[in-house]
> 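This is the structure I have questions about; it appears just below.
Just so it is clear, the values below take in all heavy atoms, side chains as well, and ignore hydrogens, waters and symmetry mates. Indexing begins at 1, ligand by ligand and atom by atom, following the structure's order.
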Amino acid sequence: MQPDFSGFALVLCSEIFVNAEIANLPRKIPMSQAAELNRRFAIADILAFEQSPDGFVVAQVTTRHASARIALQGAHVMSYQPAGQPPLIWLSKLAKLAPGKSIRGGVPVCWPWFGAHPSNAQFPGHGFARTVPWQLIEATLLPDHRLHLEFELVQSDATRARWPQPSTLRNSVTVGPELEVELATTNTGSVPFELGQALHTYFEIGDIRQTTITGLDACDYLDKVDGGTRKTQHGAVDFSGETDRIYLATHGHCEIHDPLLKRRILVTSTGSHSTVVWSPWTEKADKMGDFCPEGWTSMVCVETANAAEDVIQLAPGATHRMTAQYRSIGL
Ligand code: BG6
């Protein structure tokens, strides 16, 4: 069963208050974060927010084009399914949906570094953006019925302890006939900084053993299952074991070919110079604890990134935008 919060009772939390005019209630009652988001942003039959008992809030989106669920933590797209089609995005049946835990599947935001921190091994892999709260700052139903949501990472003492560089991070998610995601990082300080990042997207596929990826031919890559050795791709990428590669100087377009689900998934990007391709295969997935048995066979990560030698140098006052669009086309 896919994790789902429908039917969860709204939970009272202490930070947000609204006036209560109802007799016999205290003048102010606490309002859950989901209730506050519903009050400010809900759109009838299109956008609503739900909250689990431990405070994990999810935006539920249903447009005429597609449905999607997006967690406020990490501004993390958990699911996306174009109308009348199978899901495009994979979410582990054992994904942990809880405050402070990273979610196995969906579109994790890796920021402000990719992989291990460049100098501090104690800091979490892939940065911290995916495990901290974000706030929703805008929800707009566009004239063509796409729904646009804009999130901003909430800065705190905990985030500043790991990333003191003055900056802002926004994630814009547009749910339409394709899924569009844009990460915008602004350097609000007075010195340049180095930025690593990825939209670590998990795609739903029929079987990894029959899946191929085109668009990376002739690109160099760092092979992480071979000690980071630099190699060159020849032809399409196919899979016969654990695969963990950072393709460098990539061109912003690749395709996942899925003969079992009879579709191609087009991955188009801008502001990204690296593409990470990851399949944990059986042994690594078994060790990770949040893959169900055989779960690894039905997913592949194709990550729109700036990683390794492709990290971004961001000047004071500058904004870097990295975008990705995901669309499926029947074979
Ligand atoms: C990929 C990395 O991007 O993410 C892999 O290249 C890593 O090395 C994988 O194992 C999953 O990372 P995590 O932190 O979500 O378990």
> Note the single closest protein heavy atom to atom 5 (C) of ligand 1, along with its residue, its atom name and the distance in Å.
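I find the closest protein heavy atom is Asp244 OD2, 3.1 Å.
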
> Can you classify the ring geometry of His126 versus Phe114 as parallel (below 30°), tilted (30 to 60°) or perpendicular (above 60°)?
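Answer is tilted, since the angle falls between 30° and 60°.
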
> Considering the heavy atoms of Met288, write down every atom of ligand 1 situated less than 4.0 Å from one of them.
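Heavy-atom distances to Met288 below 4.0 Å select 16 (O).
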
> Hey, looking at atom 1 (C) of ligand 1, which of His200, Lys224, Arg130 has the closest heavy atom?
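Of the listed residues, His200 has the closest heavy atom.
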
> So if I count the atoms of ligand 1 from 1 in the order they appear, which ones are less than 4.0 Å from some heavy atom of Glu303?
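The atoms of ligand 1 under 4.0 Å from a heavy atom of Glu303 are 1 (C), 3 (O).
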
> Run the numbers for me: atoms of ligand 1, each under 4.0 Å from some heavy atom of Phe114, listed by number.
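So the atoms of ligand 1 that pass are 3 (O).
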
> With a 4.0 Å cut-off on heavy atoms, is Arg245 in contact with ligand 1?
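Flag not set, Arg245 not near ligand 1.
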
> Can you tell me which residue among Arg264, Gln85, Arg263 is in a side chain to side chain donor-acceptor pair (under 3.5 Å) with Ser328?
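Result for side chain to side chain donor-acceptor pair (under 3.5 Å) with Ser328: Gln85.
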
> Please state whether the rings of Trp296 and Trp281 are parallel, tilted or perpendicular, taking 30° and 60° as the class boundaries.
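Tilted, since the angle between the ring planes falls between 30° and 60°.
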
> Starting from atom 12 (O) of ligand 1, find the nearest protein heavy-atom neighbour and note its residue, name and distance.
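Residue, atom and distance for the closest contact: His126 NE2, 3.6 Å.
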
> For atom 13 (P) of ligand 1, what is the closest protein heavy atom, and at what distance to 0.1 Å?
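In this structure, atom 13 (P) of ligand 1 has Arg104 NH1, 3.7 Å as its nearest protein heavy atom.
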
> Could you check whether the rings of Tyr202 and His200 sit parallel, tilted or perpendicular, using 30° and 60° as the cut-offs?
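Ring orientation of Tyr202 relative to His200: parallel.
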
> Please list the nearest protein heavy atom to atom 11 (C) of ligand 1 with its residue and the distance rounded to 0.1 Å.
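Its nearest protein heavy-atom neighbour is Trp278 CH2, 3.6 Å.
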
> Suppose I only count heavy atoms of Lys284 and a 4.0 Å limit; which atoms of ligand 1 are within that range?
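This gives 10 (O) as the contact atoms.
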
> Any ion pair linking Glu309 and Arg230 (charged N to carboxylate O, less than 4.0 Å)?
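Salt bridge present between Arg230 and Glu309.
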
> So, are Lys231 and Asp226 salt-bridged, with charged N and O less than 4.0 Å apart?
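Judged by the 4.0 Å cut-off on N to carboxylate O distance, Lys231 and Asp226 do form a salt bridge.
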
> Below 6.0 angstrom between ring centroids: does that apply to Phe128 and Phe123?
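Ring centres of Phe123 and Phe128 not closer than 6.0 Å.
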
